[in-house]
Amino acid sequence: MSYAYLFKYIIIGDTGVGKSCLLLQFTDKRFQPVHDLTIGVEFGARMITIDNKLIKLQIWDTAGQEAFRSITRSYYRGAAGALLVYDITRRETFNHLTTWLEDARQHSNSNMVIMLIGNKSDLESRREVKKEEGDAFAREHGLIFMETSARTAANVEEAFINTAKEIYEKIQEGVFDINNEANGIKIGPQHSPSNASLPPGSQSSSPSSGCC
Amino acid sequence: MKMVARLPDGIPAHFRKTLWLTLAEKHLASRNVNWGQAERVLFNESTNPDDYELSAQIVKDLHRTGCSLFCGATGQHNQALLKRVLLAYARWNKSVGYCQGLNMLAALILQVMQGSQSATVKVMIYLIEGVLPESYFANNLRGLSVDMAVFRDVLRIKLPDLSRHLDHLQHDSKESGSSYEPPLMDVFTMQWFLTIFSNCLPQPTVLRVWDLLFLEGNQILLRTALAIWQTLSEKMLAVRSADEFYSIMTVLAREMLEFGLMDANNLIKAIDTLTINEVNELREKYVFNITPWTVATVAKKGLKLLYPDPYDSDDDHFQSGSSSTQQRMSTPFSNHPDREKIALDISLLKKQYSKLRERQRQAHIIFTACGNDNLNTTSSPALNHLLLGKSALLTLKGRRIQGAVPPPRVSPKQRHNQTAGGDTLHWKDAARGNTGGECDEGTSRHPGNTPPPSSSSTSASSSSASSPSPGGSCESHREAGDVSVAVEESLSAVSRSSPVSCTSDSSTASSSSSSSTELCDDSSAVPSEDDGSAEGRVTQDADSNGDSPLPCLPRSPDSGRGGHHQRRDSELALMQILQENSQILERIRSSSCSTAIGGGESQFSGSGDEDRFPGEPDDIREIRKKYDRIISRQASCCDALLQPSSSSSSWATPATLERSHSTGPSPGGARSALEELRRSGSLSPTKPSTAPTFNPFPTRTSPRRRKEVAVKLGLYSSTSEDAS
């Protein structure tokens, strides 16, 4: 199956905010409460359609622990989109956003589309970070914002797809130079080789995927 | 026992616990650990402030260990055990603390140790500190990064087809106009190494791999990964894009974990046959040059493209060392991690030296090549010191013996000269040299100078190189620097004697060469700025040395002369070397300090492992010896180069140069070193100089001229030395 574009994403954020769960929900449409933690980086992929064009999302899920930062950074660079995730039930994960954002901006290309995600929106009773706060942070830093729940799948599709739309628009506007290395966009192969050796739904997360 | 581990079915399960535990206890005994005492602290129920955060993180991961024993209701007890074990290890080794991935290791060990938390911690200590390479879990996983780089090389050697194919996929995706791609296999190799295959292979196989690891050491990591890639290689060779590689590997990895893609016995056999001889060399090669994770940063910032900062985690290293020094007081047993650290510092230093030696060889050629071309780039005295440096740099680039030596990375060993080299002398020398002219002040800066015994001219630099040093550290460095100046000067002498080259006054040549040296030396303080301006695309390096006093300058007008990329590169290489060298020296100094501290403390720590410290001075001594050897080799290499020259009658010997590394140069750079130098009368040399006096590097450069320029440039104010 041939795709028009391939977008590379990274998912970043503190440990335990639900990065891997979001990925698993998006790629496999399931939620796995018990799972291994992410060591280093893990890989997931899925096809989506925008503007009648097939787009392959290649998603890098990163380990949240500080020690892994220097290793995961090398995956920032080739990314066209980033999901910056915090946990609405843990204030400190929201407080660390600035650090993450700086890190991402510093190590990635400047056109990278960043989507801010407040995850675990199903846990309304334990909410520590108001939606408005996330909204304000996103506006202040020029991010797209969304609250999601990897458990209920609420907004998960939208989060990934809206990011892709934003990237797609940027390509249409000519902001992204698709021939430029390191902006995380690849034009699909002219005729489809064995890229589709796996059906899109199953091209997903690595052995120990799961969520946070 | 090693034989047993390789037999079909390996070590019997019931014996495994005994084996691992015995090995671990042997390790602890070799470190003179009082386990009873340690255990009390490690498993202390009362919490100290650090524990809260640690526990929070550990608890978060307890149910994520991927091991059924720790899930569900029955897992509660095991999770509590695991938590205590991880907390205990974090208390034991604060530089590691808790790192994700340790939970998987601990879970597996706990299982083998049949739930004994004390035994589990022992085995963990042995595994992390006795078996795995240094800093596997500390310092931003530096050791892991090294091993990943090493493994890429190993793959290149052992499975060239696969390696080439993967490289091709990686670069192909680049060429097709898309994106930056990290080395493809890294994602998987990283996980395998960090969890020691526990989330990659079925557990019975993992345990057998671990048996081998405990018995034969950490090479097993690489050999196992190699065996796995070998098994997968056929499938991988059929893959046609990076994207496809990741998709297929993801599926294969899952199969491997769940069904065991390969028979355990075959895997063990493969591990056994795949011996890798190069591991140690490769690890040494990479330990100071872990690039993959900083490249992106570096490229992004436009900094140091040639040598992505290998030091980025070193600061942490030292900081954590010192902070744990403080807490050592309260928990006596916890000396070990700290000491480990200090020991580690030294071993790192050693490794860095060997790396430097290599680079020296490369830089030598640059230097010698520069030595003989003549360019009058230092024509304008109305420059500030930076511009002076600039033009010198360019001179450096511009000058080459025609056809004599191929450009940057070719041959021998010359480079500690400049690098080790003094920050200080060059400033003066260079500056003086620039004015050129009368030669009457060869000894003016050093009241105690002995006249040069051998060669013809009164090179200030060479005479000072051989003079007994009145000062302490900066003096000794100065000498090394002098030698490098002298090398260049003698090289220019070669060019003088050769009919081919000289178009301009060779004293100018030598002076400019010395000023280039000086600039280089100064670059120990402002390395990246220099890189930056030389490179024309590099911006200021905020984190290089912290104290860079000089701003980034645009290229000097002369820059057109040295347009070749090679030259630029070699220039950058030189800068890097110089910077590194000064950092090393600095580090030696600080590690001597910490040695002193540690030694002091061990007296009252009373845990009986004092013997760790007495070793360290030896280590330093050893490094110094190596250093000497390098320098002497340089000298002999220079000698060879200068054979045709009649003027190269004598050479700096190791003895002469020995002092050059006795302590580090001040990282503040040439200026502060200069000031130090001026005060040097009050400093006592760390190693009294007993070196015979040689004047190895004849030159026509006039010290007085240099001084004049220096005065003009405001670099050199009259001192009592000059009064004489």
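Letters A, B, ... are given to chains in the order of the sequence lines, protein chains preceding strands, and every chain is numbered from 1. Predicted, not measured: the structure shown is a model, and the values here were computed from it. The analysis underlying the following values was restricted to heavy atoms, covering all of them including side chains, and did not include hydrogens, waters or symmetry mates.
Side-chain contact check for Asp61(B) and Gln57(B): at least one donor-acceptor pair (N or O, by modelled atom type) lies under 3.5 Å.
Heavy atoms closer than 4.5 Å to chain B are found in both the backbone and the side chain of Phe68(A). Using a 4.5 Å cut-off between heavy atoms, Gln58(A) contacts chain B through its side chain alone, with no backbone atom that close. Using a 4.5 Å cut-off between heavy atoms, Phe193(B) makes no contact with chain A at all.
Relative to the six-membered ring of Phe26(A), Arg46(A) meets both conditions, a distance below 6.0 Å and an angle of at most 45° to the axis.
When ring centroids are compared, Phe43(A) and Trp60(A) come within the 6.0 Å threshold.
The aromatic rings of Trp229(B) and Trp192(B) are tilted relative to each other, their planes meeting at an angle between 30° and 60°.
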